[in-house]
Amino acid sequence: MGWEKLVAQPEPTVVSVVREFYANSIKHHDYRVFVRGKQVSFDRTTINQYFGVPNINNDEYFTAIDDCNFDWDKVVRHLCPKGTQWKRNHERLSKGFVHSQLHQDSKIWHHFITASLKPTTHLSDVSKDRAGLIWAIMTGKSIDIRFVIQQSIENGIRTFVPLLPHPMLITMLCKNAGVVWTANEEVLQPRRIMDNNFLMKMKDLDDESATEASFSRPQIPVQPTTQR
């Protein structure tokens, strides 16, 4: 896939820069935002160049899930043991299922996705969109990761989320655009590399332990924590 940089040693994250990026992005134009006087782009080309992947013109993943006739039941059949069913909302639409219902290989991809592509704090549940992405990866569909990451960033901009998504990526995009910060600004160091050894351990953990251990990227709350 050429996604090596998604699992490489994470870079440090500058908390104030990430918060400023998201605060200013509410009124972004064409995926460009000013941070400390520098224009920072998070458009398709910039994200793909950062990760060293080509632009995908035939996004089989999005084409599939965007089809109103897409068979979501085949997703759960592929990812989970026989008999597993979607949890459904009051309109009987597929919503998700419990993480423990995933096959072992599917669990590994779920941890990868929640750390690198679609961050979340609710690892005990597998949402419909994350299930679709796991299915696309495991069935070899072409995926435009720019779209996936942009969608995640937009969610952080437009809706309330407890943690700001992709802080490491935002920090590096700002750095590449010439944004500077001082030595006394808060910096979060990465926790671990998401290598094969780490992922193989993850598949054997129960949901509670996996939730605690899975984050390989720094986590930044939307608002600073008040010290008392």
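Atom-to-atom distance recorded for D129:CG and I65:CD1 is 7.5 Å, nearest 0.5 angstrom. We find the OH-CD1 distance between Y61 and I145 to be 12.5 Å, quoted to the nearest 0.5 Å. To the nearest 0.5 Å, atom CG of residue L164 and atom CD1 of residue I153 are 11.0 Å apart.
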- What's the verdict on side-chain contact (heavy atoms from CB on, under 4.5 Å) for H166 and S152, showing C-alpha distance, side-chain angles and the deciding distance? CA-CA 8 Å; H166 306 287; S152 178; 3.1 Å; yes
- Begin with the C-alpha distance, continue with both residues' side-chain angles, and end with the deciding distance and a verdict on side-chain contact (heavy atoms from CB on, under 4.5 Å) for F62 and V148. CA-CA 9 Å; F62 180 73; V148 177; over 6 Å; no
- Run the side-chain contact (heavy atoms from CB on, under 4.5 Å) check on L117 and I143 step by step: do they pass? CA-CA 11 Å; L117 295 176; I143 302 170; over 6 Å; no
- Message: Run the side-chain contact (heavy atoms from CB on, under 4.5 Å) test on I113 and I137 for me, step by step, so that the C-alpha distance in whole Å, both residues' side-chain angles and the decisive distance to 0.1 Å come before the verdict.
- Response: CA-CA 10 Å; I113 287 171; I137 292 173; 4.0 Å; yes
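Side-chain contact between I149 and F51: present, with at least one pair of heavy atoms (C-beta onward) separated by less than 4.5 Å. Side-chain contact between V98 and V126 is absent, with no heavy-atom pair separated by less than 4.5 Å. In this structure, the side chains of P165 and Y22 come closer than 4.5 Å at one or more pairs of heavy atoms. Inter-residue side-chain proximity for N58 and D144 is flagged as unmet; no heavy-atom pair is nearer than 4.5 Å. Looking at heavy atoms from C-beta onward, V18 lies out of side-chain contact with V14 at the 4.5 angstrom threshold. Looking at E11 and T171, their side chains never come closer than 4.5 Å, going by heavy atoms from C-beta outward. For the pair H103 and L79, the minimum side-chain heavy-atom distance is 4.5 Å or more.
Heavy-atom contacts from other residues, nucleotides or ligands closer than 6.0 Å to NZ of K74 number more than 12. No more than 12 heavy atoms of other residues, nucleotides or ligands sit less than 6.0 Å from atom CD of Q85.
Contacts of D71 classified as salt bridge (Lys or Arg N to Asp or Glu O under 4.0 Å), with partners at least two apart in sequence or in another chain: R77. Under the ring-ring contact (aromatic ring centres under 6.0 Å, His included) criterion, F97 pairs with W86, not counting sequence neighbours. Qualifying ring-ring contact (aromatic ring centres under 6.0 Å, His included) partners for H110, counting only residues two or more places apart in sequence or in other chains: H99. Considering only residues two or more places apart in sequence or on other chains, R36 meets the salt bridge (Lys or Arg N to Asp or Glu O under 4.0 Å) condition with E20, E185. In this structure, D30 has no side-chain hydrogen bond (donor to acceptor under 3.5 Å, both in side chains) partners at least two apart in sequence or on a different chain. The ring-ring contact (aromatic ring centres under 6.0 Å, His included) search around F42 returns F21, H28, Y31, not counting sequence neighbours. Take N57 and apply the side-chain hydrogen bond (donor to acceptor under 3.5 Å, both in side chains) test, not counting sequence neighbours, and it matches R44. With sequence neighbours left out, the side chain to side chain contact (heavy atoms under 4.5 Å, CB included) criterion links E186 to V15, L188. Every side-chain hydrogen bond (donor to acceptor under 3.5 Å, both in side chains) that D43 has, sequence neighbours left out, goes to R32, S41, T46. By the ring-ring contact (aromatic ring centres under 6.0 Å, His included) test, F34 pairs with no residue at all, sequence neighbours left out. Residues passing the side-chain hydrogen bond (donor to acceptor under 3.5 Å, both in side chains) test with T84, sequence neighbours excluded: none.
Note on V180: it does not cluster hydrophobically with M172, by side-chain heavy-atom contacts below 4.5 Å among ILVMFWY residues. Note on I56 and F147: separate hydrophobic clusters, where clusters join Ile, Leu, Val, Met, Phe, Trp and Tyr whose side-chain heavy atoms are under 4.5 Å apart, directly or indirectly.
Residue pairs meeting the salt bridge (Lys or Arg N to Asp or Glu O under 4.0 Å) criterion with at least one partner in residues 58-68, sequence neighbours excluded, do not occur; the list is empty.
Judged by distance alone, the side chains of T139 and H78 never bring a donor and an acceptor atom under 3.5 Å apart. For the 3.5 Å distance criterion, the side chains of R130 and S127 qualify, holding a donor opposite an acceptor.
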